[in-house]
Amino acid sequence: MSTTDRELRVGMVGYAFMGAAHSQAWRTVNRVFDLPARARMSLICGRDAGKVADAADRLGWDAHTTDWRDLIARDDIDVVDVCTPGDSHAEIALAALAAGKHVLCEKPLANTVSEARAMAAAAVTAQAAGVRSMCGFNYRRVPAVAMMRQLVADGRLGVIRHVRATYLQDWIVDPQFPLVWRLQRDKAGSGALGDIGAHIIDLTQYVTGRRITGVSAVTETFVKERPLPAGSSGLAATVDGAAADGNGADGHRPATGAVTVDDAAVFVARLDGGVLATYEASRFATGRKNALRVEINGSLGTVAFDLERLNELEFYDATRPAAEQGFSRILVTEGEHPYMSAWWPPGHLIGYEHSFTHQARDFVEAVATGVDPAPSFVDGLQVQLVLDAVTRSAELGSSWTEVEPALATVAA
Ligand SMILES: NC(=O)c1ccc[n+]([C@@H]2O[C@H](COP(=O)([O-])OP(=O)(O)OC[C@H]3O[C@@H](n4cnc5c(N)ncnc54)[C@H](O)[C@@H]3O)[C@@H](O)[C@H]2O)c1
């Protein structure tokens, strides 16, 4: 429970899926963690006046506005939280940093490498003035994932040989599912690759402490044309008067548009230090709703994480006597485990939304104590460089494509 009088006044842009998840985090963070500053839910921004007023009321924000520029212009906002689609991340974050606001920006950092590079450069410049920024790769904040990183850092896996990562969903298997912004390159940058592939790229680089240095990729767009949406939020959408056979209520087919992103991306990669890795991101894995799984094999052991069992970690310790070897299931709910001392007694489980509360906790603590939070915008650029290399490799018949170190490209 926060005991300080110091406030960080947050202005958040976007109020749908991530807007709701971040609101939950801002509402909760002061009540669970003892922090050097209190997050205040000062202002929420959305383009529709009525809807943003409703969202402010429902999600617990003091005030609302319809233009993110108003939010940035205000003196009484310290933090800008960007929860919009990727096509507006760069513009909003750059303006916020220039105005001296700390920025939390959802992933992927941007839609292109050049946007991400500009954001990373601006963040590095802003650091000198004490302005902090962070990219919202929230899965780093699942306690079991943070513990996975500790096991690797403590040498419990020995020399890392393999990384195996999949992130699978199925929400667009139906060819009549409409053409939401996530299926349009100009809005989303890429498809399954940038939306969910970005998470496993960041997560595996974070857990291993190693960088992806090169990739060979294939991507596919299975359904190339889809009906236009009447409305959408998060992963849900509607088509105007559409019937199950794809015909509208009046018997006419609804207007359609081209899908301009990948539905699935599969790639092999090398990480520095001689690690071989495989990655798969798909929205066509029928039956898999939000299935993120990562396994890391080292010379002394293996560790595996499955988001559908997010309180657990599988660990194989090859240093134990042969007769006792086997995978153990660690229930990551002890007070000694990352983040867990603030929650419930051992064995009392946490869920998806807690990763966002932990993200808010780490961000507030970093800003209030004058430390740069991670993942930084440079880390976000590193992921963007991998996304770009995957796309280019796939376009060139899976040719091997090197990934530059992000910091070198910011300095260049
Ligand atoms: N960290 C995660 O696990 C995770 C999960 C889902 C989405 N995301 C990321 O979060 C971001 C938002 O995704 P979402 O699922 O919340 O999308 P969404 O469609 O549910 O919501 C987007 C919101 O942004 C608003 N918006 C769009 N353009 C705007 C503008 N110019 N000014 C003000 N508001 C604007 C929309 O009105 C809506 O409220 C994306 O970058 C996405 O990749 C992250």
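Every number for a ligand or one of its atoms is a count from 1 in the order of the listing.
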- Message: Tell me whether Asp195 is salt-bridged to Lys107, with the criterion being a basic N under 4.0 Å from an acidic carboxylate O.
- Response: yes
- Message: Give me the residue, atom name and distance of the protein heavy atom closest to atom 44 (C) of ligand 1.
- Response: Glu106 OE1, 3.1 Å
- Closest protein heavy atom (residue, atom, distance) for atom 39 (O) of ligand 1: Tyr15 N, 3.0 Å
- Message: If the test is side chain to side chain contact (heavy atoms under 4.5 Å, CB included), which one of Val13, Asp81, Thr65, Val52 qualifies with Ile44?
- Response: Val52
- Query: For atom 30 (C) of ligand 1, what's the nearest protein heavy atom and its distance?
  - Reply: Arg47 CD, 3.6 Å
- Side-chain ion pair, Glu353 and Arg27, N-O less than 4.0 Å: no
- Query: In terms of residue, atom name and distance, what is the protein heavy atom nearest to atom 38 (C) of ligand 1?
  - Reply: Ala16 CB, 3.9 Å
- Note on the structure: Heavy-atom proximity to atom 2 (C) of ligand 1, picking from Ile196, Asn138, Leu292, points to Asn138
- Item | Cys83 contact mode with ligand 1 (heavy-atom cut-off under 4.0 Å) | backbone
- Item | ligand 1 atoms in contact with His199 (distance to a heavy atom under 4.0 Å) | 1 (N), 2 (C), 3 (O)
- Measure Met18 to ligand 1 on non-hydrogen atoms and call it side chain, backbone, both or neither using the 4.0 Å cut-off. both
- Message: Whether the side chain of Arg226 engages the backbone of Phe177 through a donor-acceptor N/O pair (distance < 3.5 Å, no angle test) should be reported.
- Response: yes
- Task: Determine, considering heavy atoms only, which of Trp68, Trp181, Phe137 sits nearest to atom 13 (O) of ligand 1.
- Result: Trp181
- Message: One thing to verify: whether Asp263 and Arg283 come together as a salt bridge, which I'm taking to mean a side-chain N less than 4.0 angstrom from a carboxylate O.
- Response: no
- Query: Is Gly19 close to ligand 1, meaning an N/O of one under 3.5 Å from an N/O of the other?
  - Reply: no
- Met119 to Leu94 - nearest heavy-atom pair and separation: CA-CD2, 3.9 Å
- Residues Arg156 and Asp154 bridged, charged N to O under 4.0 Å: no
- Note on the structure: Nearest non-hydrogen protein atom to atom 40 (C) of ligand 1, with distance, is Thr84 O, 3.4 Å
- Salt bridge present between Arg9 and Asp78 (N-O < 4.0 angstrom): yes
- Please check if the side chain of Ser328 supplies one atom and the backbone of Phe315 the other of a donor-acceptor pair under 3.5 Å. yes
- Task: Check ligand 1 against Pro108 and write out every atom of the ligand that is under 4.0 Å from a heavy-atom position of the residue.
- Result: 43 (O)
- For ligand 1, which atoms, with element, lie under 4.0 Å from some heavy atom of Pro85? 22 (C), 24 (O), 27 (C)
- What atoms of ligand 1 come within less than 4.0 Å of a heavy atom belonging to Gly136? 1 (N)
- Where does Leu235 meet ligand 1, judged by heavy-atom distances below 4.0 Å: at the side chain, the backbone, both, or neither? neither
- Message: So, regarding Lys107 and ligand 1 (criterion: nitrogen or oxygen to nitrogen or oxygen, under 3.5 Å), is there a contact or not?
- Response: yes
- Quick one: nearest non-hydrogen protein atom to atom 15 (O) of ligand 1, plus distance? Arg182 NH2, 2.7 Å
- Minimum heavy-atom separation for Trp26 to Ala39, with atom names? CE3-CB, 3.6 Å
- Lys51 near ligand 1 by a heavy-atom separation under 4.0 Å: no
- Query: Going by distance alone, is a donor N or O of one side chain under 3.5 Å from an acceptor N or O of the other, for Asp388 and Thr391?
  - Reply: no
- Message: Starting from atom 25 (C) of ligand 1, what is the nearest protein heavy atom, named by residue and atom, and what distance separates them?
- Response: Gly14 CA, 3.9 Å
- Query: Can Glu91 and Arg69 be counted as an ion pair, charged N to O under 4.0 angstrom?
  - Reply: yes
- Starting from atom 20 (O) of ligand 1, which protein heavy atom do you reach first, and at what distance in Å? Gly234 N, 2.7 Å
- Message: Suppose I only count heavy atoms of His89 and a 4.0 Å limit; which atoms of ligand 1 are within that range?
- Response: 41 (O)
- Query: Is the side chain of Thr333 donor-acceptor paired with the backbone N or O of His348 at a distance under 3.5 Å, no angle test?
  - Reply: no
